[in-house]
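These notes concern the structure reproduced below.
So that the names make sense, note that chain A is the first sequence line, chain B the second, and so on, each numbered from 1.
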Amino acid sequence: MPVNLLNSFRISIEDFYRSHKRTMPWRKHNPVPYEVWLSEVILQQTRVAQGIPYFNKILQAFPTIEDLANANEDHLLSLWTGLGYYNRARNLQKGAQQVMKNHNGELPKSSGDLIKIAGIGPYTAAAISSICHGEKIGVVDGNVFRVLSRFFGISTPVNTSGGLKEFQLLANEIVHLSNSSADYNQGIMEFGALHCTPKKPLCMMCELADICTAYNTGKVDVLPVKKKTVKRTTEEIHFAVVVDKAGLAMRKRDTEGIWAGLYEFPRLEKPPLNGLPAAEQIVHKLSHKDLRCHFWKVTENEINEPITYYTKHEIRKLGMPIIIAKYVEKIEF
DNA sequence: AAACCGGGGGG
DNA sequence: CCCCCAGGTTT
């Protein structure tokens with residue numbers, strides 16, 4: 001990306017941050033690292049409005065890292081109740097114990113050391129080090145994915161290792177141009193949360209609209225791109241293999257849906273009572289589901305639909321799903 | 001790379 | 001109903 005574009009973006013984000021009311025509980029000139037750590041862990045995959053009461057409650061119960069390290073786990077979990085992702089609480093306490101044991105009770109400053117602590121990943125390490133110590137490292141969370149992908153028109157799926165790397169590098173490049181990692185990083189998250197929202201972003205009043213790629217190419221509603229994690233399903237299919245003197249029974253499929261207008265074997269709703277397996281079951285993989293295909297050697301009586309027979313010669317001229325075509329090639333009739 | 005982890009809010 | 005949220009760990 002051109003440096004002047006990166007800078008225009010960065011300056012607008014910092015201006016946005018400095019001119020907005022701040023919502024985080026520990027927003028002060030010298031944020032306490034423990035408070036930032038606690039709030040960032042609480043807010044993982046959690047809306048700020050939902051997490052704030054928990055932050056206040058837990059900080060009051062455990063005012064220092066030492067208190068947290070020595071806490072009764074059940075006590076901590078009772079305060080966490082309702083937040084979800086309860087391993088966050090256990091990891092948080094494990095981290096506090098690590099800090100007591102290995103760092104004299106004080107959080108390390110660099111993101112490289114922070115990330116070694118339980119429950120602190122790339123995001124939280126970058127957040128603590130940039131906000132508390134000015135390290136020039138970009139935070140990458142859901143807001144950052146959204147804002148960067150829209151503004152720069154990046155369509156790389158964000159939920160892939162390659163996408164994550166690309167966005168992290170871009171975030172780092174921008175934050176290196178800033179004199180205040182804390183303001184820039186918090187600004188882009190605040191901007192994403194309040195302004196460049198997932199749905200109905202406030203483009204009409206956005207000061208970045210003039211140079212926003214998504215806005216100027218009509219892609220606001222398609223960015224960021226996420227690779228679909230299609231939950232694959234399995235469907236059982238029972239094919240009737242009916243062989244007659246006249247040939248092999250085939251039926252033409254409807255003109256809509258999968259394999260529209262192609263020829264296949266008559267279907268059975270379930271494994272036939274009077275039938276022998278005619279072949280091994282074959283799993284036919286589609287993008288969204290596995291078709292587990294069974295072939296049953298049955299007589300005409302098992303089929304409750306008009307049957308048409310085709311000779312091998314005739315069948316070769318019919319359009320068929322590949323799984324049927326392969327089967328036809330294998331058998332003798 | 002994909003699964004798993006929770007509860008709440010909004011369209 | 002689905003998507004998203006100031007993500008991280010485990011397999």
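- In this structure, the side chain of A/T197 does not engage the main chain of A/L194 through any donor-acceptor pair within 3.5 Å.
- With rounding to the nearest 0.5 Å, the separation of CG in A/L92 from CG in A/L68 is 4.5 Å.
- Sorted by residue number, the list of members of residues 165-189 of chain A with any non-hydrogen atom under 4.0 Å from DNA chain B is empty.
- A straight line from OH of A/Y17 to P of C/dA6 spans 15 Å, rounded to a whole angstrom.
- Nucleotides B/dC4 and C/dA6 have their P atoms positioned 25 Å apart, rounded to a whole Å.
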Sub-3.5 Å pairs of nitrogen or oxygen atoms, protein against nucleotides 9-11 of chain C:
| from | atom 1 | to | atom 2 | distance (Å) |
| --- | --- | --- | --- | --- |
| C/dT9 | OP1 | A/G119 | N | 2.8 |

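- Taking a 4.0 Å limit (strictly below) on heavy-atom distances, residues 138-145 of chain A reaches DNA chain C at A/D141, A/G142, A/N143.
- Side-chain atoms of A/T124 and A/L114, non-hydrogen and from C-beta on, never get closer than 4.5 Å to each other.
- The nearest whole Å value for the distance from the CG atom in A/N159 to the P atom in C/dC5 is 12 Å.
- A/R90 comes within 4.0 angstrom of nothing in the nucleic acid, heavy atoms only.
- One interatomic measurement links the two molecules: CD1 of A/I131 to P of C/dA6, which rounds to 14 Å at whole-angstrom precision.
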Nucleotide N/O to protein N/O under 3.5 Å, stretch nucleotides 7-11 of chain B:
| from | atom 1 | to | atom 2 | distance (Å) |
| --- | --- | --- | --- | --- |
| B/dG8 | N2 | A/R47 | NE | 3.3 |
| B/dG8 | N2 | A/R47 | NH2 | 3.4 |

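- Across the C1' atoms, C/dG8 and B/dG9 are found 23 Å apart, a figure rounded to whole Å.
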When you look at A/Y85 and A/Q44, which way does the side chain to side chain contact (heavy atoms under 4.5 Å, CB included) test go after all the steps? CA-CA 9 Å; A/Y85 288 128; A/Q44 283 168 17; over 6 Å; no
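- Rounded to whole angstrom, the span from the CH2 atom of A/W37 across to the P atom of C/dG7 amounts to 18 Å.
- Nearest to the side-chain atoms of A/K227 among the listed nucleotides C/dA6, C/dG8, B/dA2 stands B/dA2.
- Aromatic rings of A/F152 and A/F9 (six-membered ring for Trp) have centroids within the 6.0 Å cut-off, being under it.
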Go through the steps to decide whether A/N56 and A/Q60 satisfy the test side-chain hydrogen bond (donor to acceptor under 3.5 Å, both in side chains), and finish with yes or no. CA-CA 6 Å; A/N56 292 326; A/Q60 186 176 3; over 6 Å; no
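- The aromatic rings of A/H294 and A/W296 sit parallel, their planes meeting at an angle under 30°, below the 60° perpendicular limit.
- Regarding A/L114, its CG atom lies at a distance of 12 Å from the P atom of C/dG8, rounded to whole Å.
- For the C1' atoms, the distance from B/dG8 to C/dT9 is 23 Å, rounded to whole Å.
- Residues in residues 131-140 of chain A take part in these side-chain hydrogen bond (donor to acceptor under 3.5 Å, both in side chains) pairs, two or more places apart or across chains: A/S111-A/E135, A/S129-A/E135.
- Rounded to an integer number of Å, the gap from CG of A/L38 to C1' of C/dG8 is 16 Å.
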Step by step, work out the side-chain hydrogen bond (donor to acceptor under 3.5 Å, both in side chains) result for A/T156 and A/E166. CA-CA 8 Å; A/T156 311; A/E166 182 175 353; 2.7 Å; yes
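- For an aromatic pair to be called close, the ring centres must be under 6.0 Å apart, and A/Y327 with A/F239 fails this.
- The nearest whole Å value for the distance from the CD1 atom in A/I42 to the P atom in C/dA6 is 14 Å.
- Residues A/H75 and A/F62 bring their aromatic ring centres within 6.0 Å.
- Taking each heavy atom of A/G84 and A/R88 in turn, the nearest pair found is O-NH2, 2.9 Å.
- At a threshold of 4.0 Å, the pair A/K109-A/E106 does not count as salt-bridged, since none of the basic side-chain nitrogens sits closer than that to a carboxylate oxygen.
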Given the rule that a pair is Watson-Crick or G-U wobble with both distances under 3.5 Å, how would you write DNA chain B in dot-bracket, using | for pairs to a different strand? |||||.|||||
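- With contacts defined as side-chain heavy-atom distances shorter than 4.5 Å, the pair A/M250/A/E264 does not qualify.
- Here the options are A/E314, A/K245, A/E300, the test is side-chain hydrogen bond (donor to acceptor under 3.5 Å, both in side chains), and the partner is A/Y309; only A/E300 passes.
- Residue A/R88 places its side chain closer to B/dG6 than to any other of C/dA6, B/dG6, C/dC5.
- Atom CG of A/L92 and atom C1' of B/dC5 are 16 Å apart (whole Å).
- When heavy atoms are screened at a 4.0 angstrom cut-off, A/S39 is found touching no nucleic acid atom at all.
- Side-chain atoms of A/E207 and A/S12, non-hydrogen and from C-beta on, never get closer than 4.5 Å to each other.
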Begin from the C-alpha positions of A/E73 and A/R90 and carry the test side chain to side chain contact (heavy atoms under 4.5 Å, CB included) through to its verdict. CA-CA 7 Å; A/E73 184 181 293; A/R90 298 191 187 86; 3.5 Å; yes
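- Map A/N87 and A/G162 each onto its nearest nucleotide of DNA chain B; the residue landing nearer the 5' end is A/G162.
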